[in-house]
Peer 1: 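One structure follows; several queries about it will come next.
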Amino acid sequence: MTERGELRRDLEALLFVSDEPVPSAELARSLGVDRRQVDTLCEELARSYEERGAGIVLRNVAGGWRLTTSPEAAPVLERFVLASRHVRLTKAALETLAIVAYKQPVTRHQIASIRGVNSDGVLRALIERGLVTEVGREEGPGRPVLYGTTPEFLERLGLSSLADLLPLAPLLGAAEEGTAADGAD
Amino acid sequence: MTERGELRRDLEALLFVSDEPVPSAELARSLGVDRRQVDTLCEELARSYEERGAGIVLRNVAGGWRLTTSPEAAPVLERFVLASRHVRLTKAALETLAIVAYKQPVTRHQIASIRGVNSDGVLRALIERGLVTEVGREEGPGRPVLYGTTPEFLERLGLSSLADLLPLAPLLGAAEEGTAADGAD
Amino acid sequence: MSEERADTGFAVELPVFTGPFRVLADLLLEQKIDVCDVPIAVVTEGFLRHARDADRWSLEEATWFLAVCAILLELKVGRLMPRHEAIDEEDLIGVSPDLAYARSMELAAFRRVTAWIAERLEREALHVPRLAGPPQEFAHLYPDVLEKVTAQDLARIAASVLRPPPVLDLSHVTPIRYTMAEALRAVRAHLERRRAARFRELVADCEERIQVVVRFLALLELYREGAVELRQAETFGEVEVLWEGGA
């Protein structure tokens, strides 16, 4: 494989595992090339997806490159997600919401560490539903966004303030996996 | 775009959004075609990734189709991925895992008899890692729990089913011949 | 593995039994003789001598012997150590040496296959899947999770996700209720009165095996301090304890 081919392969792999737009500068650092070269490679890759009518597209959005599904595949995807992923989505969303509620203010990264998987999509869904919102930024490198629950979240649960959330301590010892699963259904 | 092209596009999009191996039957349902056709399309797609030296590969593991990054891109990805999927297991854990894989469904006691030592701690660790799980209970006194491997085990090994495990019989033979030869010296 | 082939012809001479080891093993496994009365070290020495005298090692004989000794040792450990699960011993008794031999072969095969498993795990770790799920365009597909969820449900879910990893289950370990201090006091009291005693006498009032073990450790401690002198006329003979401590 040519050096250019290897770069394109590595670039595609990087974009594949990322769930948000990756700035050219960051891709350039990972690949050991300059930004301009990254942009050229990304444009090439985007064109090749387009030419072969792929199910994924590569876009330059919000200051970075991001792989996503082709808009034309949306109807099939929606059917697929609703039919077979629904339970998983519910479980993921509940877990994420519980973490935000009890650990707020919390960063995306902290949530992902606790759940063991990237939870950005879920977090976005919770924001869209008005249950979670940005509440500030953490001090320190990158100043990551901090998330917390909204007044609507409290209202939906019939709580007057966060202080009314049930204390976790008594549950930490007793709670079984089974009960968590029940709650997720 | 041809109908086949559209199917391939939708298939690729479905695989892209899935976070676990998707059985052909499930893909077939979403795409409105039969399983055989899905398998053919997946094989085609897998080959096309391979031919263009893509950063992603499509494989049949743990009873389903799954997109992952190409192993060749692993060095570049290391810094990028949240938690390494690498599982380093102790010798005792590997041994116990092998016994569960080949003897399943198997009881704690049977494992201990083969290994000659109590293996409960190791078994618990394997369960926590999601490689082993309870699969039922044996008939008879005490109704001991039976253990088996999880789909995640197959996936971590890159096997499509338990039938792909390395056959044990030749190893049993080799053991006997090997030691007998040693003894004759 | 036929009985004839596994028969060792190796004989032992012990206080409890004199004759072919094969017969002794059967008697032990049938619980006709108490395993604690058989010094396995002496038997092993005898076997090694027997093997040396023979023209060459017989692999089958050696393997069979090892399998039997492994069972005997495990039985013996089971007898000497406090243990609640009596069932283990029953199961061990049910294991014939031939079956143990077969299992050792099986275990060897499993050990070979672990190399293959380890290698595959290593290689497969290089494949990274995408865990992000549906992209943001599909956020509207996420269910309204609070529809059927109460504050209690949420707390339970939070607890299950935030709970620290389970601690090691030690319920199978018998807590030791006997202290070294108690054992030292008992041994001292006895010896200060009698000046000399046999170990058997020093543990005569012990109710549990673990208490005997602690007494023995206390005795070693006193020996280390120079408070007692220990004598044993023969291997596995009575241990005599003489009080040397300040009167």
Side-chain angles (χ1 to χ4, degrees), chain B residues 16-21 56-57 59 61 66-74 77 80-82 84-89 91 94-95 97-99 101-103 109 112-116 118 120-121 124 128 142 155-159 165-166 168-169 171-172 174-176 178-180 182-184, chain C residues 1 56-63 66-67 70-71 73-74 83 85 87-88 91-92 94-95 99-135 137-138 141 165-166 168-172:
Chain B
F16 181 78
V17 302
S18 296
D19 52 7
E20 59 181 357
I56 43 187
V57 295
R59 296 181 317 153
V61 286
R66 184 166 206 187
L67 285 179
T68 67
T69 57
S70 154
E72 278 133 38
L77 282 178
F80 228 76
V81 182
L82 180 72
S84 166
R85 299 213 326 142
H86 194 77
V87 203
R88 200 168 285 282
L89 295 174
K91 241 182 97 191
L94 281 170
E95 206 172 287
L97 187 58
I99 293 169
Y102 283 87
K103 294 286 244 183
H109 190 80
S113 309
I114 294 169
R115 291 196 61 222
N118 179 309
D120 297 357
R124 237 184 341 257
E128 248 161 62
E155 215 202 315
R156 294 274 158 138
L157 262 71
L159 305 175
L165 283 172
L166 193 68
L168 203 60
L171 292 175
L172 273 166
E176 238 151 357
T179 44
D182 292 346
Chain C
M1 201 61 32
R56 64 187 189 93
W57 277 85
S58 153
L59 178 73
E60 272 174 23
E61 183 177 343
T63 312
L66 267 179
I71 296 172
L73 276 174
E74 192 151 357
R83 207 200 275 217
E85 289 173 42
I87 188 173
D88 282 7
D91 290 337
L92 278 170
V95 175
L99 182 54
Y101 176 77
R103 278 181 181 167
S104 74
M105 283 302 169
E106 200 178 18
L107 181 56
F110 282 130
R111 292 208 165 129
R112 281 183 173 79
V113 91
T114 59
W116 176 77
I117 290 179
E119 190 226 296
R120 286 205 71 101
L121 283 172
E122 189 98 14
R123 186 147 34 102
E124 287 303 311
L126 301 176
H127 286 271
V128 184
R130 193 169 184 280
L131 296 172
E137 292 81 354
F138 296 89
L141 296 180
L168 191 60
D169 177 17
L170 292 175
S171 61
H172 58 290

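Order of the sequence lines fixes the chain letters, A, B, ..., with proteins taken first and strands second; residue numbering starts at 1 for each chain.
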Peer 1: I need the C/Arg120 CZ to B/Leu165 CG distance, nearest 0.5 Å.
Peer 2: 9.5 Å
Peer 1: Could you report the tightest heavy-atom contact between C/Trp116 and B/Leu166, atom names first, then the distance?
Peer 2: CH2-N, 3.3 Å
Peer 1: Among B/Ile99, B/Ile114, B/Leu171, find the one that has a side chain to side chain contact (heavy atoms under 4.5 Å, CB included) with C/Glu106.
Peer 2: B/Ile114
Peer 1: Are any side-chain N or O atoms of C/Thr114 and backbone N or O atoms of B/Leu94, one a donor and one an acceptor, separated by less than 3.5 Å?
Peer 2: no
Peer 1: Which atoms of B/Ser113 come close to chain C, meaning under 4.5 Å heavy atom to heavy atom: side chain ones, backbone ones, both, or neither?
Peer 2: both
Peer 1: Under a 4.5 Å heavy-atom cut-off, does chain C meet the side chain of B/Lys103, its backbone, both or neither?
Peer 2: side chain
Peer 1: Sort out for me which of B/Ser70, B/Pro71, B/Ser18, B/Ala74 touches chain C most, counting heavy-atom pairs under 4.5 Å.
Peer 2: B/Pro71
Peer 1: Rounded to the nearest 0.5 Å, what separates atom CD in C/Glu122 from atom CG in B/Leu157?
Peer 2: 12.0 Å
Peer 1: Can you name the closest pair of heavy atoms from B/Glu95 and C/Leu107 and give their distance?
Peer 2: OE2-CD1, 3.6 Å
Peer 1: Going by the rule salt bridge (charged side-chain N to carboxylate O under 4.0 Å, His left out), which residues pair with B/Glu72 if we only count those two or more places apart in sequence or in a different chain?
Peer 2: A/Arg9
Peer 1: Chain C: which of B/Leu67, B/Leu159, B/Val57 shares the most heavy-atom pairs with it under 4.5 Å?
Peer 2: B/Leu159
Peer 1: Which value, rounded to the nearest 0.5 Å, describes the distance between B/Glu155 atom CD and C/Glu124 atom CD?
Peer 2: 9.0 Å
Peer 1: In Å and rounded to the nearest 0.5 Å, what is the CZ to CZ distance from C/Arg130 to B/Arg66?
Peer 2: 11.0 Å
Peer 1: To the nearest 0.5 angstrom, please state how far the CG atom of B/Leu89 sits from the CG atom of C/Leu121.
Peer 2: 6.0 Å
Peer 1: Quick one: OG1 on B/Thr68 to CG on C/Leu126, what's the gap to the nearest 0.5 Å?
Peer 2: 10.0 Å
